[in-house]
Structures are given as structure tokens and as C-alpha cells.
Participant: 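Would you mind keeping the following structure in view while I ask a few things?
Sequence lines set the chain letters: A, B, ... in the order given, protein chains first and strands last, and positions in each chain run from 1.
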2 protein chains.
Amino acid sequence: MTSQAADRPETVGASRRSKITPEREQEFFDAVLAQIRECGYDAITMEGIAASTRCSKSTLYRQWKTKPQFVAAALRSHRRVRFAGIDTGSLAEDLRQAARVAGECSGKDTLLQALGHAVMQDQELQRALREALVEPEIAALREILRRGVERGEVPADHPALEYVPAQMFGVLRMRPVIEGEYADADYLVRFVEAVVLPALGLP
Amino acid sequence: MTSQAADRPETVGASRRSKITPEREQEFFDAVLAQIRECGYDAITMEGIAASTRCSKSTLYRQWKTKPQFVAAALRSHRRVRFAGIDTGSLAEDLRQAARVAGECSGKDTLLQALGHAVMQDQELQRALREALVEPEIAALREILRRGVERGEVPADHPALEYVPAQMFGVLRMRPVIEGEYADADYLVRFVEAVVLPALGLP
DNA sequence: CTGACGTATCGGAACGGGGTCGTATCGATG
DNA sequence: CATCGATACGACCCCGTTCCGATACGTCAG
């Protein structure tokens with residue numbers, strides 16, 4: 001059903017009519033995501049993106065129809081799952097490793113916070129945010145838990161299992177609000193050891 | 001040092017020069033906070049507030065100099081601490097009670113989410129948000145924990161103690177993002193029983 | 001293979017429409 | 001007679017469109 005063609009009608013064979021290379025396109029996306037992280041969604045402007053990437057507004061509007069669609073496309077280009085590939089053979093160590101990874105890019109990836117409320121106004125933006133940032137991370141975390149259950153480290157119906165993803169992301173995002181500093185790797189690892197593992201009945 | 005006079009130079013004795021009664025003032029504050037919850041900080045306008053409260057823009061600008069100062073004043077008027085007054089005599093029951101209270105007004109008080117990133121631009125707004133919304137709730141929760149320690153239910157140096165506030169607020173705010181529905185009282189109480197209490201070594 | 005040519009896309013700039021901030025002016029009111 | 005509500009105003013900004021000349025791609029004749 002060529003569902004990915006909803007983005008842009010490129011790759012229609014061998015003839016590339018657009019002079020925008022994939023690398024150039026990624027520059028646009030990187031620029032807009034950086035500005036969103038810095039100023040928030042409402043504050044960014046197409047004019048600002050055009051200026052910071054030294055392209056013209058016309059070009060942006062030729063490729064994407066509106067600002068929310070442009071941002072949504074940028075989000076979809078951002079599929080970098082931090083929790084993918086963690087598999088140490090032990091659930092406890094997997095969770096510690098996840099905490100470390102999350103802590104290391106804690107201060108950087110504030111996209112979710114920056115998009116915050118803007119997402120409630122635009123359906124496409126909301127879907128793009130969920131599919132690009134939320135669901136892949138949650139799925140990777142659930143996969144870690146599933147393997148732990150499969151190895152018999154935790155009973156499949158353990159009531160704390162359901163809350164692990166919300167806990168991890170919640171604590172990650174609340175520490176700046178509560179204590180005024182980022183949730184670094186050390187903080188998160190101690191959290192896993194003091195709360196998550198004991199609640200799961202692990203050492 | 002009359003540090004509270006930074007808000008408005010009212011109550012300068014018996015002569016009330018402004019015709020705005022405290023009740024009327026609260027209407028302004030309620031209106032702006034409601035609109036922030038609904039549309040986010042960036043989307044609200046002084047004109048919109050004036051229209052919805054049937055006062056004139058002039059009046060708003062006479063009382064508060066700018067939009068961020070107006071919003072900050074509204075935040076400061078919002079000192080309603082949900083977790084205050086919880087004291088059942090048992091730490092476990094206090095936490096369950098806190099979960100219930102939090103879950104009941106979960107969908108309503110999205111102020112923190114709505115202000116989101118706007119707070120990073122204005123120092124005064126940031127301080128007002130912390131002092132009005134964050135710190136009182138955290139303090140009330142810490143008070144609940146302190147009493148539990150005092151009663152000997154939990155050792156004072158239990159490593160999980162530090163994370164309880166971040167956990168509660170974190171899970172409260174992450175469920176809508178992760179699962180797409182509000183964290184109701186039932187969800188939060190089950191969370192307390194499945195995670196928070198076991199991590200603290202309570203039944 | 002080479003070189004010239006058509007043409008689609010690019011960057012730049014301007015424009016209309018809409019909107020907000022914060023100020024100023026006014027008559028009305030209590 | 002100070003403060004209110006209403007209204008208008010200037011300055012600024014942004015969205016999305018449209019025009020234009022310049023540029024580089026793709027194609028094809030030689």
C-alpha cells in the first residue's frame with residue numbers, strides 16, 4: 001500500500017528532480033528539532049528554520065505543506081531508540097544499563113518536554129511524536145522485561161512489571177522539576193537499585 | 001523588606017484605590033489559568049483574558065505590567081496543596097490516600113504540562129511555578145514520609161525514600177504519554193501497592 | 001563521449017491576511 | 001476625581017503564497 005509514500009513522493013524511479021539530497025533534508029530536520037528543544041514548538045518559525053539552514057522559505061513550503069507537517073516529518077526522521085540492543089543476559093543488569101543510557105542523554109533529548117502541549121492541537125503531530133519517540137522506547141523497555149520473564153527471573157504476572165516504563169521515564173523527567181538538576185546516569189542507576197529491582201523482587 | 005509587594009502595591013492602608021476586589025482579581029487568575037490549561041502558555045493572549053472576563057485590556061495592563069508577570073501572579077494565587085492534611089497514622093495508608101487524591105484531579109491540573117517549556121524563558125515565571133505548584137506538593141509528600149520514619153515504619157536512611165516524590169509525580173504524568181489515558185486513582189493506588197510500598201519494605 | 005540546451009527547482013524578496021503586545025485616549029461611573 | 005471599559009493605534013511578527021532571475025540537473029544530438 002506504499003504507506004511510506006505519504007511523506008514525500010520521492011524515489012519515483014531513477015530521476016531525482018528535487019535538488020535536496022537526503023543529507024540536506026536531514027539538515028533541515030536537525031535544525032528544526034534543535035530549535036524546538038531550545039525554544040519550544042510554538043516559538044519556532046519557518047522563517048527561522050529557513051534562515052538557520054540558509055534555504056528559502058519557498059523550499060520548505062514546497063516540500064512540506066505546513067509547519068506541523070514539517071515538524072512531524074522531522075520527528076519521523078528521528079528514530080533513534082536508546083534502549084534498543086540492551087541484552088546482557090540478566091534483567092537487573094539490563095535495567096541498570098538502560099538507566100545509564102537514559103542518564104547520559106538526559107539533558108539533551110528534551111523534545112518531549114518541548115513539544116509538550118503543542119501536540120494536543122495537531123493530530124498528525126501527536127501521532128508522529130508517539131510513533132517516533134514514545135512507542136519505540138517503551139517497546140524496547142518492554143522487550144527487556146519480557147526476556148527477564150522468559151528467563152524466569154520475574155513471574156509473568158508480577159504487579160510491578162506494568163509500571164517499570166512509566167517509572168523510568170517519569171523519574172527521568174521529574175527530577176529537573178523537583179530538584180532542579182538533570183537526572184544523570186548515577187541518579188538513575190541508584191533509582192533502579194533502590195526501587196525498581198526491589199519492587200520486582202530482585203537483589 | 002516588604003518582599004511580597006512585588007506583586008501589586010495594594011493594601012496600602014485603608015484606602016482602596018483600585019476598584020478591583022480580591023474576588024474579581026481571582027476571577028482574572030482563574031480565567032488565565034483555565035486558558036493555560038486548555039491551550040498552553042504561548043497560545044493565551046491578554047486580549048483573550050480580557051474578553052473572557054469582560055474587562056478591558058487596559059485594566060490588566062494597569063495592574064500587571066506584562067503577560068508573564070500576570071501569569072506569575074496568577075500562579076502565586078494558586079496555592080492549593082493536594083497532599084496537605086493527609087495523616088492517617090500509617091505510612092502505607094497515607095501513600096494510598098495521596099495516590100487517590102492525585103488520581104482524582106489528575107486530568108484537571110495539567111498546568112505544569114501546559115506551562116512546559118515557556119517557563120524556561122522567564123525567570124519570574126519559573127520561580128512562581130516552582131513556589132506555587134511544585135515545592136508545596138513535594139514538601140507535603142516529604143512530610144508524610146518524615147512521619148513514617150518518625151514512627152519507625154521505615155529506616156531514616158532507606159535508599160528508596162529519596163525517590164518517592166519523583167516516582168509519584170513521574171508516573172502520574174507519564175501514563176497519558178505512554179498509554180494514552182489519564183492516571184486515575186485506581187491506577188495510582190495499584191502503583192503504590194505494587195511498587196512504592198514493596199520498595200520501602202512495607203506490606 | 002562530449003557539449004549544448006531545455007526545464008524544473010532553487011534562493012531571494014515581497015505581499016496580504018491575520019494576530020499580539022503594550023500604549024494612549026476617551027467618555028462613563030461610582 | 002481616580003479608575004473603569006471601550007476602542008483605536010503603532011510596531012512588530014508569522015504564516016503561507018506568489019513572483020522572479022539564477023542555477024544545476026537530465027537529456028539528447030552530434
Side-chain angles (χ1 to χ4, degrees), chain A residues 7-29 31-32 35-36 38-74 117-118 121-122 124-125, chain B residues 8-29 31-32 35-36 38-74 114 117-118 121-122 124-125:
Chain A
D7 248 343
R8 272 206 307 140
E10 62 178 319
T11 66
V12 287
S15 78
R16 152 165 307 287
R17 301 309 298 159
S18 170
K19 298 176 184 177
I20 295 179
T21 65
E23 294 77 18
R24 180 66 167 146
E25 185 176 86
Q26 194 60 46
E27 282 181 41
F28 296 154
F29 292 160
V32 69
Q35 288 198 19
I36 287 177
E38 197 175 332
C39 320
Y41 174 82
D42 292 294
I44 68 165
T45 70
M46 297 298 262
E47 260 144 336
I49 303 300
S52 79
T53 57
R54 268 178 295 280
C55 79
S56 81
K57 249 196 324 175
S58 327
T59 301
L60 296 182
Y61 279 109
R62 256 183 233 113
Q63 306 289 340
W64 303 277
K65 302 196 179 188
T66 70
K67 168 170 137 175
Q69 282 183 32
F70 175 46
V71 173
H117 217 249
Q121 319 294 337
D122 189 288
E124 184 177 359
L125 211 55
Chain B
R8 271 207 308 141
E10 61 178 322
T11 65
V12 288
S15 79
R16 154 162 307 285
R17 305 307 296 157
S18 169
K19 296 178 181 173
I20 296 178
T21 64
E23 294 78 17
R24 179 65 168 146
E25 186 176 85
Q26 194 59 47
E27 282 181 41
F28 296 153
F29 291 159
V32 69
Q35 288 199 18
I36 287 178
E38 196 175 333
C39 320
Y41 174 83
D42 291 293
I44 67 165
T45 70
M46 296 298 261
E47 257 143 339
I49 304 299
S52 79
T53 58
R54 268 176 295 279
C55 78
S56 82
K57 250 198 321 178
S58 327
T59 302
L60 296 181
Y61 279 108
R62 267 192 284 267
Q63 306 289 338
W64 303 277
K65 303 196 177 191
T66 70
K67 168 170 137 176
Q69 283 184 30
F70 175 47
V71 173
H117 215 252
Q121 320 294 337
D122 189 289
E124 184 177 359
L125 211 55

Participant: Return the value, rounded to whole Å, for the distance between atom CZ of A:Arg24 and atom P of C:dT9.
Facilitator: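 Distance, rounded to whole Å: 17 Å.
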
Participant: Please report the distance, rounded to the nearest Å, between CG in A:Leu60 and P in D:dC14.
Facilitator: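 So the two atoms are 14 Å apart, to the nearest Å.
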
Participant: Taking the inter-plane angle between the rings of A:Trp64 and A:Phe70 on a 0 to 90° scale, is it parallel (under 30°), tilted (30 to 60°) or perpendicular (over 60°)?
Facilitator: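 Because their plane-to-plane angle lies in the 30° to 60° range, the rings of A:Trp64 and A:Phe70 count as tilted.
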
Participant: Nearest 0.5 Å, what's the CD-CD distance between A:Glu23 and A:Glu25?
Facilitator: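 A:Glu23 CD to A:Glu25 CD: 10.0 Å, rounded to 0.5 Å.
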
Participant: Side chain of A:Ile20: nearest nucleotide among D:dA6, D:dC4, C:dC10?
Facilitator: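 That would be C:dC10.
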
Participant: I need the CH2-P distance between A:Trp64 and C:dT9, as an integer number of Å.
Facilitator: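 Rounded to whole Å, this separation is 14 Å.
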
Participant: Check whether any side-chain heavy atom of B:Thr59 sits under 4.5 Å from a side-chain heavy atom of B:Arg62, and report yes or no.
Facilitator: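 They are in side-chain contact.
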
Participant: Could you run through nucleotides 15-23 of chain C and give me one letter per nucleotide, 5' to 3': B if any protein heavy atom sits under 4.0 Å from the base, S if only the sugar-phosphate is that close, - if neither?
Facilitator: -----SBBB

Participant: Between D:dT7 atom P and B:Arg54 atom CZ, what is the distance in whole Å?
Facilitator: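 Rounding to the nearest Å, CZ of B:Arg54 and P of D:dT7 are 14 Å apart.
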
Participant: So how far is it from A:Met46 CE to A:Ser56 OG, rounded to the nearest 0.5 Å?
Facilitator: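 Reported value, rounded in 0.5 Å steps: 10.5 Å.
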
Participant: State whether the distance check finds a donor on one side and an acceptor on the other, under 3.5 Å, for side chain A:Arg62 versus base D:dG16.
Facilitator: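 Side chain to base: no pair below 3.5 Å.
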
Participant: Mind calculating the distance between CD (A:Gln35) and P (D:dC14) to the nearest angstrom?
Facilitator: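 These atoms are roughly 11 Å apart.
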
Participant: Indicate whether OP1 or OP2 belonging to C:dT9 is found under 4.0 Å from a side-chain N or O atom of A:Gln63.
Facilitator: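 No, no such contact exists.
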
Participant: Are A:Cys55 and A:Arg24 side-chain neighbours, meaning at least one heavy-atom pair lies under 4.5 Å?
Facilitator: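 SC-SC contact between A:Cys55 and A:Arg24 confirmed.
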
Participant: Within the structure provided, determine whether A:Ile44 and A:Lys67 are in side-chain contact (heavy-atom separation under 4.5 Å).
Facilitator: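 Side chain of A:Ile44 against side chain of A:Lys67, heavy atoms only: contact under 4.5 Å found.
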
